2 protein chains.
Amino acid sequence: MGTTATQPSLWDRSRQAVVASIFDTAMRLFAEQGYEATTIAQIAKEAGISQRSLFRYFGTKEDIVCGEQEELGELLRATVEAQPAAATAWEALRAGFEVLMEAHGEPGKLLEITTLIFDTPPLRARYTQKRLRWQELVQPAVTARMPAGEGPLPQVRAAAVTATVFACVDAATEAWVRSGGSADLATLYDEALAAVRG
Amino acid sequence: MGTTATQPSLWDRSRQAVVASIFDTAMRLFAEQGYEATTIAQIAKEAGISQRSLFRYFGTKEDIVCGEQEELGELLRATVEAQPAAATAWEALRAGFEVLMEAHGEPGKLLEITTLIFDTPPLRARYTQKRLRWQELVQPAVTARMPAGEGPLPQVRAAAVTATVFACVDAATEAWVRSGGSADLATLYDEALAAVRG
DNA sequence: TGCCCGCTTGGCAGTGACTGCCAAGCGGGC
DNA sequence: GCCCGCTTGGCAGTCACTGCCAAGCGGGCA
């Protein structure tokens, strides 16, 4: 639970193996038949596990795809808060996203997941919902970096800046997915933010 | 279907009456017991209609709350496109939202709906999903108002501007809801956008 | 007036995601 | 070899949602 990286116990690793096995099976089936057409029963059977246990690893069908966002949120928060005090809110958030982009394993797999999410409305809705959680997580750090406001408005200002950065990340990610992964995400993000703040 | 306002036929109005009756029943029950604890069966029974018919009026439980967004999207698109050519993308979008704010009936009812949406994660996810549809609708009009770009990037720039405006509307709306409706939405929006573009 | 046609409605049975409950297995400590 | 805790699997149930079909209702037309 804490920030200290408790090294993975044997138990953790076997759990991770099961999770990975379910995930791979599911992604294969999603690619073959589409997300909606694939049932939990089928994933469970092909992964050699009971339906009941599958739900113990992934609370929902959507979480099989969007699940790892949970941990990443904590990494984002920590990174943003660790930025030097001189950094503006914009710079701190950008640094956070740079770390996130490097935190993913193979970029190929990330592209596959992201494409699936952006092409499947319910998945995208879930994804957005989780990103909203991220916004709440970084909000304090962003508020602390805002120029001191006058009224009860600094809250709104901080929320607006945070939401804008996420919106630009979203726009950049969408363009990245539509380019089939050939474009550079960081460049797209900078372009997006420039269009907004220019 | 067209833009011409075909005046409501008798049939339309009886349909509207049923819709309103279901909606009112549902909102009352949601307020009394919460959204998740209220079942479709209960809403149908109290509204004096069969479950099957309820689903013919509202495709999903979420749409009972988020349903009217569908038509409003068209209004938004038309308004943005109708802005003078000299208006910037920012101004055109702002004008669109001003019209939307006036399009709602009683502000009290709007506050009730919006509060429910913002307090209920699945509803907010659905709401965001529909707003994404709005973004797609206005995208062409926004692209047309962007300063001519160099590469394949004007798409990203337009998407970023659009997404940012929606993000600011969201931040403003959230603050408005949290204030219990006492704050002024337009003022909050201007404050939010100023924080971003300042 | 009586019939017919189209549309709306309601019931029914089914699917698919998800949950609670309980019994069986399995591993490690003693 | 035994016991204890945790994980697993199966079962039955709930809830949102869908397709199908049969019944009702209203309006047009002879």
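This structure is a prediction, so every number in the text was calculated from the model and none was measured. Letters A, B, ... are given to chains in the order of the sequence lines, protein chains preceding strands, and every chain is numbered from 1.
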Asks: Rounding to a whole Å, what distance do you find between Ile64(B):CD1 and dC17(D):C1'?
Replies: 12 Å
Asks: Report each atom pair, protein N/O against N/O of nucleotides 12-14 of chain C, whose distance is under 3.5 angstrom.
Replies:
none

Asks: Looking only at heavy atoms, which two atoms of Leu72(A) and Leu100(A) are closest? And how far apart?
Replies: O-CD2, 3.8 Å
Asks: Is the shortest heavy-atom distance from the side chain of Tyr189(A) to the side chain of Val156(B) under 4.5 Å?
Replies: no
Asks: Can you tell me which stems DNA chain D forms when a stem means 3 or more consecutive Watson-Crick or G-U pairs under 3.5 Å?
Replies: C:1-30 with D:1-30
Asks: Is there side-chain contact between Arg126(B) and Cys66(B), with heavy atoms separated by less than 4.5 Å?
Replies: yes
Asks: Please say which of Val18(A), Ile22(A), Thr25(A) ends up in a side chain to side chain contact (heavy atoms under 4.5 Å, CB included) with Leu54(A).
Replies: Ile22(A)
Asks: Flag the pair Arg133(A) / Glu136(A) as yes when at least one side-chain heavy-atom distance between them is below 4.5 Å, and no otherwise.
Replies: yes
Asks: Is there a side chain to side chain contact (heavy atoms under 4.5 Å, CB included) between Leu76(B) and Val80(B) once you walk through the steps?
Replies: CA-CA 6 Å; Leu76(B) 175 66; Val80(B) 172; 4.1 Å; yes
Asks: Between C1' on dA17(C) and CG on Asp63(A), what's the gap in Å once rounded to a whole number?
Replies: 13 Å
Asks: Please, which pairs that meet side-chain hydrogen bond (donor to acceptor under 3.5 Å, both in side chains) have at least one residue in residues 98-108 of chain B, sequence neighbours excluded?
Replies: Arg94(B)-Glu98(B)
Asks: Determine, stepwise, if the pair Gln139(B) / Thr162(B) fulfils side chain to side chain donor-acceptor pair (under 3.5 Å).
Replies: CA-CA 7 Å; Gln139(B) 198 84 312; Thr162(B) 310; 2.9 Å; yes
Asks: Can you tell me how far P of dG10(C) sits from NZ of Lys45(B), to the nearest Å?
Replies: 15 Å
Asks: Report yes if the side chains of Leu116(B) and Met27(B) come closer than 4.5 Å at any heavy-atom pair, otherwise no.
Replies: yes
Asks: For the pair made of CZ in Arg56(A) and C1' in dC18(C), what is the distance, rounded to whole Å?
Replies: 13 Å
Asks: Flag the pair Arg124(A) / Thr128(B) as yes when at least one side-chain heavy-atom distance between them is below 4.5 Å, and no otherwise.
Replies: no
Asks: Please enumerate all protein N or O atoms sitting under 3.5 Å from an N or O of nucleotides 24-26 of chain D, with distances to 0.1 Å.
Replies:
none

Asks: So, the side chain of Arg197(A) versus the backbone of Val196(B): is there a donor-acceptor pair under 3.5 Å, distance only?
Replies: yes
Asks: Checking Phe166(B) now: which residues fulfil ring-ring contact (aromatic ring centres under 6.0 Å, His included) with it, not counting sequence neighbours?
Replies: Phe97(B)
Asks: Can you tell me if Tyr57(A) touches the phosphate of dT8(D), counting only side-chain N or O atoms and a distance under 4.0 Å to OP1 or OP2?
Replies: yes
Asks: Can you give me the N/O atom pairs linking the protein to nucleotides 12-16 of chain D at distances under 3.5 Å, or say none if there are none?
Replies:
from	atom 1	to	atom 2	distance (Å)
dA16(D)	OP1	Lys61(B)	NZ	3.3
dA16(D)	OP2	Ile40(B)	N	3.2

Asks: So, is Ser53(A) close to the dG9(D) phosphate, meaning a side-chain N or O under 4.0 Å from OP1 or OP2?
Replies: yes
Asks: Just wondering, do Thr114(B) and Trp176(B) contact through their side chains at under 4.5 Å, heavy atoms?
Replies: yes
